[in-house]
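In what follows, a single structure is set out as structure tokens and then discussed.
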2 protein chains.
Amino acid sequence: MTTESTSRSRKPKRGQTREALMSAALELVVKKAPFSALSLREVTKKAGVVPTAFYRHFPDMSALGLTLLDESFRTLRQMMRQVRQQELPNERMLRGSVETYFTYVRNNRAHFLFVSKELASGTPTMRNAIRREIRMFTNELAMDMARFPFLNHINAEDLQMMAGLVVNNVTALTQEMLELEEIDETGQQEVLITAEKQLRLIYFGVGMWRSDKSHS
Amino acid sequence: MTTESTSRSRKPKRGQTREALMSAALELVVKKAPFSALSLREVTKKAGVVPTAFYRHFPDMSALGLTLLDESFRTLRQMMRQVRQQELPNERMLRGSVETYFTYVRNNRAHFLFVSKELASGTPTMRNAIRREIRMFTNELAMDMARFPFLNHINAEDLQMMAGLVVNNVTALTQEMLELEEIDETGQQEVLITAEKQLRLIYFGVGMWRSDKSHS
DNA sequence: CTTTCCCGTCAACACATGTTCACTAAAAAA
DNA sequence: TTTTTTAGTGAACATGTGTTGACGGGAAAG
């Protein structure tokens, strides 16, 4: 027995209350409302703890929110790393990346949902943090693309634009996927196929790119 | 004098309270929080009316929300109509459409912001209504594209996919634009340029589209 | 051992919230 | 005109909220 688990109203829960608070909040966000609509008491109740215990771990709700955001970012970066270390771009790579990505989304619904909601409805602090993170992803993607042989005739600015296009779409499709029931296999498969098609269009459509008339 | 405007604690405000409530709520959403975080009393206070007066116009807050959504949709459809009745696609059309669209966004910040926030953080009812509306837009766009001469070799399914790509991106760029300060002219100009570039890539990149190997 | 400190509990507060009810003045209908 | 309907007000309620303070048990440090 590791923690003397009588499980019944034992008082000090050995630092695991903090995590209980975090996952309680996360659950509530997933199945109820934006984080800003959660009340401290609500969270502590769901965590099985008295309201005042909250202050032992966080100064206030917004601190909890930022911690949750950090945790989500860790998930996101881990995903990014895994997607990036795919091999160089042959025809198959695209499908592979898309699949690993959306598998990640499925396995981390809560975090993706949290970020997605906060991006639109969070405090300015949160929104900025998320948008900064997304901009970082975009930059990394642009750098990766610069290494693709069939894209090496594209200048840096256009690569950035392309990467933005990709990220915007993946983001949108992610939100679409998150709206689906977890059971809806066919729906999820459709999103995946759409994603692959759209990315294919972006990647290979860029081949037409040549110096054209208008704009500076 | 039309409405006997002594303006000072005059009692019946002739049906204009309803609108006051709506725009009060809209303002609060714009500069404070998601709609779900607004309180009835907060709204009535901002509207300059006693809390109980609310019930003369709406059964509860969620009804106000739906009304606000309706109003926003009217704005959105009007915009769509105006963008659609642009001429057929020469090189200039793209820029023209992009400009009219984002002008609309600028002139209706509140409505676009409201919809954008509710899409992510609203009640399921709201989210579904918005997604349905967006799907409608996408379909109309696909139909419009079908009439473009240089796209008439694309089958319906791919057109739908293309339209989705366009809508996803415009949505994302809209949110980006809404994050900018209203004064930030250069920032807004940049978004506009990016938009045009990205759309150009989508529209003309599709020229490469030919029956290729993989996927069903 | 004793002391310290972490961490959960309980009681209590001041305040904001949604909603009710009865009341009334103006506008509209008769 | 009189009557009815519409749309505002005020007092009052039960409940939910963030936060404070003093208390105490168990784990870790001395």
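What's counted below: heavy atoms across the whole structure, side chains too, no hydrogens, waters or symmetry copies. A note on names: the letters A, B, ... follow the listed sequences, proteins ahead of strands, and every chain is numbered from 1. A quick note: this is a predicted structure, and the numbers were derived from the prediction, not measured.
- For A:E140, the salt bridge (Lys or Arg N to Asp or Glu O under 4.0 Å) criterion is met by A:R84, not counting sequence neighbours.
- For the residue pair B:Y104 and B:Q78, a side-chain donor N or O sits within less than 3.5 Å of a side-chain acceptor on the partner.
- Rounded to 10 degrees, the angle separating the terminal helix axes of the helix from C:dT2-D:dA29 to C:dA30-D:dT1, each built from five base pairs, is 10°.
- Between B:L28 atom CG and C:dT17 atom P there is a gap of 11 Å when expressed in whole angstrom units.
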Nucleotides 18-23 of chain D: which of its N/O atoms have a protein N/O under 3.5 Å away?
unit_1, atom_1, unit_2, atom_2, d
D:dG18, OP1, A:L40, N, 2.8
D:dG18, OP2, A:L40, N, 3.2
D:dG18, OP2, A:R41, N, 3.1
D:dG18, N7, A:R41, NH1, 2.4
D:dG18, O6, A:R41, NH1, 2.9
D:dT19, OP2, A:Y55, OH, 3.0
D:dT19, O5', A:Y55, OH, 3.4

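- With sequence neighbours left out, A:F58 forms a ring pair (Phe, Tyr, Trp, His ring centres under 6.0 Å) with A:F54.
- One can place CZ of B:R18 at 14 Å from P of D:dT6, the figure rounded to the nearest angstrom.
- Looking at A:E27 and A:K32, no side-chain N of the basic residue comes within less than 4.0 Å of a carboxylate O on the acidic one, giving no salt bridge.
- Applying the side-chain hydrogen bond (donor to acceptor under 3.5 Å, both in side chains) test to every pair with at least one member in residues 112-122 of chain B, sequence neighbours left out, gives these pairs: B:S116-B:Q175.
- Distance CD (A:Q16) to P (C:dC6): 18 Å, rounded to an integer number of Å.
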| request: Step by step, work out the side-chain hydrogen bond (donor to acceptor under 3.5 Å, both in side chains) result for A:T186 and A:D184. | output: CA-CA 6 Å; A:T186 65; A:D184 186 354; 3.3 Å; yes
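- The side-chain hydrogen bond (donor to acceptor under 3.5 Å, both in side chains) analysis of residues 128-138 of chain B, with sequence neighbours excluded, yields the pairs B:R77-B:E133.
- Between the NZ atom of B:K45 and the P atom of D:dT9 there is a distance of 14 Å, given to the nearest Å.
- When rounded to the nearest whole Å, the span between NZ of A:K46 and C1' of D:dG16 equals 18 Å.
- Comment: B:E99 does not engage B:R92 in a salt bridge, judged by the lack of any side-chain N to carboxylate O separation of less than 4.0 angstrom.
- Look at NE2 on B:H57: it is 6 Å from P on D:dA7, rounded to the nearest Å.
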